[in-house]
Amino acid sequence: MNKIQVLSDEVASQIAAGEVIERPSSVVKELIENSIDAEASQISIRISEAGKSLIEVVDDGKGIPFNELELAVTRHATSKLQSASDLFNINTLGFRGEALASIASVSHFSLISKHENETIGGKIENLDGKTITKSKIGCPSGSTITVRNLFFNVPARLKFLKSDITEKQRISTLVTKFALAYPNVRFKLTNEQQILLQTNGNGDRREILNHVFGFEIAKQMLEVRFEEPPYYINGFISPVGITRSNRKEITFFINGRWIQDVALSSALMKAYHTMIMVGRYPICVLFLDFPADFVDVNVHPTKAEVRFSKPDLVFSMVQRATRRALLAYSSFPEISQKFWHNPEQDKKLDETTWNPAKVLDDENGNFGFFNRAKTDSIDPEKEIVGSQSIYVPILRHVGQIGATYIVAEGPDGLYLIDQHAAHERILFEKMMAQIGGPIPSQQLLSPEVVQLAVHQTLIFQEKLEILRKIGFSITEFGPNTYQIRAIPAMLIGINPEEIIQVVVEDFEDDETPLGNAMEAIIAARICKRAAIKGGQVLSKEEQKALIENLEKCETPRTCPHGRPTMIHLSVDLLEKQFGRKGSI
Ligand code: ADP
Ligand code: MG
């Protein structure tokens, strides 16, 4: 054995770098985190050869002052942490001050940055992994970090990398997760000139889900919203009908940080217990927002794991949040007694929907399903597990509550139908079914002239053809001005200009999906606007027509945006609740 000696700085940095920078995606992760910490609203990532020959991240964040550029690449130099006590109240993604130093020690590295309060920017560069050159440079506020020839001086590490395809996938998965977590930031990922992902920063996570899972799955994802201040859980989980063979699509973010946590996954799995088959896993993207001092983020080299001060509380909240979403949205929600006896939930039900007098008091004073035994055709237990389906039994209209929900009786209990969501679904299917055929279109008595902003015109022109397919007759009427002569018959009564605005607004700066997906998106948006709203009193005939039309839909249980159109309370459950059957 040799004598004990202090390692050279170079070796020490490479050892440290080994912990943080394992592969190209670790570089991308650290750079994106820095851009987010710098409050960037646009982050653009470019890679070449799976990130081995080039990773470049450009942001429009606050930038780095000229005289701090060297510090940025110095180990243990950070603007995010002052003292050890801050470590327990971290509100930034980075805090150790070692990412840039680590990356720079294993690559050909350059950093261009201009601080928002300075007039000129600066550039520092290392060409051999050590020497740093520095110069002034004119550039917009923000930072550009370029990492070339990663691991050129640690060839052993290159050997441990997986195939280019796998490494590229890791990068694109990572960027996608960040895009989901930060929907207000515009992300762009380019691989050898090809754009892999581009988001528009409009804050709509469901739109980003479209990029990640495709429209079909994205639209079915169930929204989770859980608030027990100061604890918040938001995001999306798959309905029981959509599962995967592995846990790869189970994603958790805590305070904006993507983490791997086996215990959180099992809390999620518990929520799905008995609803999906053994060996299948749900898709989930959940964002936990907890007080910073509740989470110790300083326990893992790449900050991919955290420690909770009250783990049990977190797990039970994740389980409750997801279970609640599943039950609320499930085709045949099996409302468990736990759910029923959740005091908060009980209160909500008491205050709003669960008013027996209203629910049961139909025009004939008929107390129908309460006396009905669970003999009729359907076994709800089976249905829960069996189908996510499409099936809606024939429903008997009972009444409307809160001018928002329609109450109906089915063979196995009570159905509460959200009139807005249901109408959206009905209009949407009708519109989609009509596309491609002769469409009932209604001439307007006096054509409506609509003027758009310049950038809106560009968006609008692209959508014109689809609007014509749906049954609009629109002609150009001067610069940025259009004349609407006819609208789809089913939209009669709605201001055409409002519909045009709906079509244009949401697509500003959007990367537009092609073909059918685009038609469906536009149709869904128009139908959302056109559907009757909650709070609107409907006549008995209108309510009945709504139920009948919903029964005819192909996918009656969710609105085109994936929210449920109905909730089901089974006779079985009611019997238990009233102590007629089993014990509570
Ligand atoms: P940490 O993020 O842990 O502080 P880094 O090595 O990643 O450590 O970055 C060091 C410092 O450089 C940061 O604290 C920040 O002040 C600055 N910095 C790095 N990247 C950027 C960026 N994209 N925009 C603005 N400042 C940055
Ligand atoms: Mg950092």
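It should be emphasised that the depicted structure is a prediction, and the values quoted were computed from it without experimental measurement.
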Exercise for the section: Of all the heavy-atom pairs spanning A408 and I547, show the shortest one and how long it is. Expected result: CB-CD1, 4.0 Å
Problem - Residues E551, R557: salt bridge by 4.0 Å N-O rule - result: no
Handout entry: Q536, CD: over 12 other non-hydrogen atoms inside 6.0 angstrom
Key = yes
Completion exercise
In I499, I500, T475, the residue satisfying side chain to side chain contact (heavy atoms under 4.5 Å, CB included) with I484 is I500
Practice task
Give the C-alpha distance, both sets of side-chain angles, the deciding distance and a yes or no for salt bridge (Lys or Arg N to Asp or Glu O under 4.0 Å) between E207 and R205.
Solution key: CA-CA 5 Å; E207 272 184 41; R205 280 193 173 132; over 6 Å; no
Problem - NZ/K188: more than 12 non-hydrogen atoms of other groups inside 6.0 Å - result: no
Handout entry: Ion pair E548/K544, N-O distance below 4.0 Å
Key = no
Handout entry: Sub-4.5 Å side-chain heavy-atom contact between L180 and F236
Key = no
Practice task
Could you give me the CA-CA distance, side-chain angles and deciding distance for I532 and L546, then say whether side-chain contact (heavy atoms from CB on, under 4.5 Å) is met?
Solution key: CA-CA 10 Å; I532 44 166; L546 196 84; 4.2 Å; yes
Exercise for the section: Report yes if some heavy atom in the side chain of I522 is under 4.5 Å from a heavy atom in the side chain of K463; otherwise report no. Expected result: yes
Handout entry: Residue pair Q198 / L189, side-chain heavy-atom distance below 4.5 Å
Key = no
Problem - I526 and F472, any side-chain heavy atoms less than 4.5 Å apart - result: yes
Exercise for the section: Take I242 and I217, measure what side-chain contact (heavy atoms from CB on, under 4.5 Å) needs, and give me the verdict at the end. Expected result: CA-CA 8 Å; I242 300 178; I217 289 189; 4.3 Å; yes
Handout entry: Pair R280-T243, side-chain donor/acceptor within less than 3.5 Å
Key = yes
Exercise for the section: Please lay out, stage by stage, how F252 and L268 fare under the test side-chain contact (heavy atoms from CB on, under 4.5 Å). Expected result: CA-CA 10 Å; F252 287 99; L268 175 82; 4.2 Å; yes
Practice task
Could you tell me the separation between the CD1 atom of I435 and the NZ atom of K430, rounded to the nearest 0.5 Å?
Solution key: 14.0 Å
Problem - Side chain proximity check, F290 to V314, heavy atoms < 4.5 angstrom - result: yes
Practice task
Just do the side-chain contact (heavy atoms from CB on, under 4.5 Å) check on V224 and N234 with the steps written out, would you?
Solution key: CA-CA 5 Å; V224 175; N234 287 293; over 6 Å; no
Handout entry: Exceeds 12 heavy-atom contacts within 6.0 angstrom, atom CZ of R206
Key = yes
Exercise for the section: Before giving the answer on ring pair (Phe, Tyr, Trp, His ring centres under 6.0 Å), spell out for Y231 and F294 the whole-Å C-alpha distance, their side-chain angles and the decisive distance to 0.1 Å. Expected result: CA-CA 10 Å; Y231 310 106; F294 198 86; 5.2 Å; yes
Practice task
Consider only side-chain N and O atoms of H420 and E424, and report whether a donor and an acceptor are under 3.5 Å apart.
Solution key: yes
Fill in the blank from the handout: Of all heavy-atom pairs linking S238 and Y272, the shortest is O-OH, 2.6 Å
Practice task
Over all heavy atoms of both residues, which pair between P239 and M221 is shortest? Give the atoms and the distance, please.
Solution key: CD-CA, 4.3 Å
Handout entry: Under 3.5 Å side-chain donor-acceptor pair for E542 and Q419
Key = no
Practice task
Would you check if D204 and P183 make a side-chain contact, meaning some heavy-atom pair closer than 4.5 Å?
Solution key: no
Completion exercise
Here the gap from L197 atom CG to H211 atom NE2, rounded to the nearest 0.5 Å, amounts to 6.0 Å
Problem - Residue list, side chain to side chain contact (heavy atoms under 4.5 Å, CB included) with Q260, at least two apart or on another chain - result: W258, A304
Problem - Closest heavy-atom pair and its distance - D289, N255 - result: CA-OD1, 3.3 Å
Problem - Straight-line distance of Y482 OH to L467 CG, nearest 0.5 Å - result: 10.5 Å
Fill in the blank from the handout: When every non-hydrogen atom of V398 is compared with those of E409, the smallest separation belongs to CG2-N, 3.9 Å
Handout entry: Listed partners of K219 passing salt bridge (Lys or Arg N to Asp or Glu O under 4.0 Å), at least two apart
Key = E216
Exercise for the section: Working to the nearest 0.5 Å, report the span between CD of Q443 and CZ of R485. Expected result: 8.0 Å
Practice task
Could you walk me through whether R529 and E497 pass the salt bridge (Lys or Arg N to Asp or Glu O under 4.0 Å) test, one step at a time?
Solution key: CA-CA 12 Å; R529 171 62 198 81; E497 179 163 3; over 6 Å; no
Problem - Atom NZ of K533 with >12 non-hydrogen neighbours under 6.0 angstrom - result: yes
Practice task
Could you list the residues that satisfy side chain to side chain contact (heavy atoms under 4.5 Å, CB included) with Y281, not counting sequence neighbours?
Solution key: R247, I250, M269
Fill in the blank from the handout: Nearest heavy-atom approach of A325 to L222 is O-CD1, 4.2 Å
Practice task
Flag yes if more than 12 heavy atoms outside K177 fall under 6.0 Å of its NZ atom; otherwise flag no.
Solution key: yes
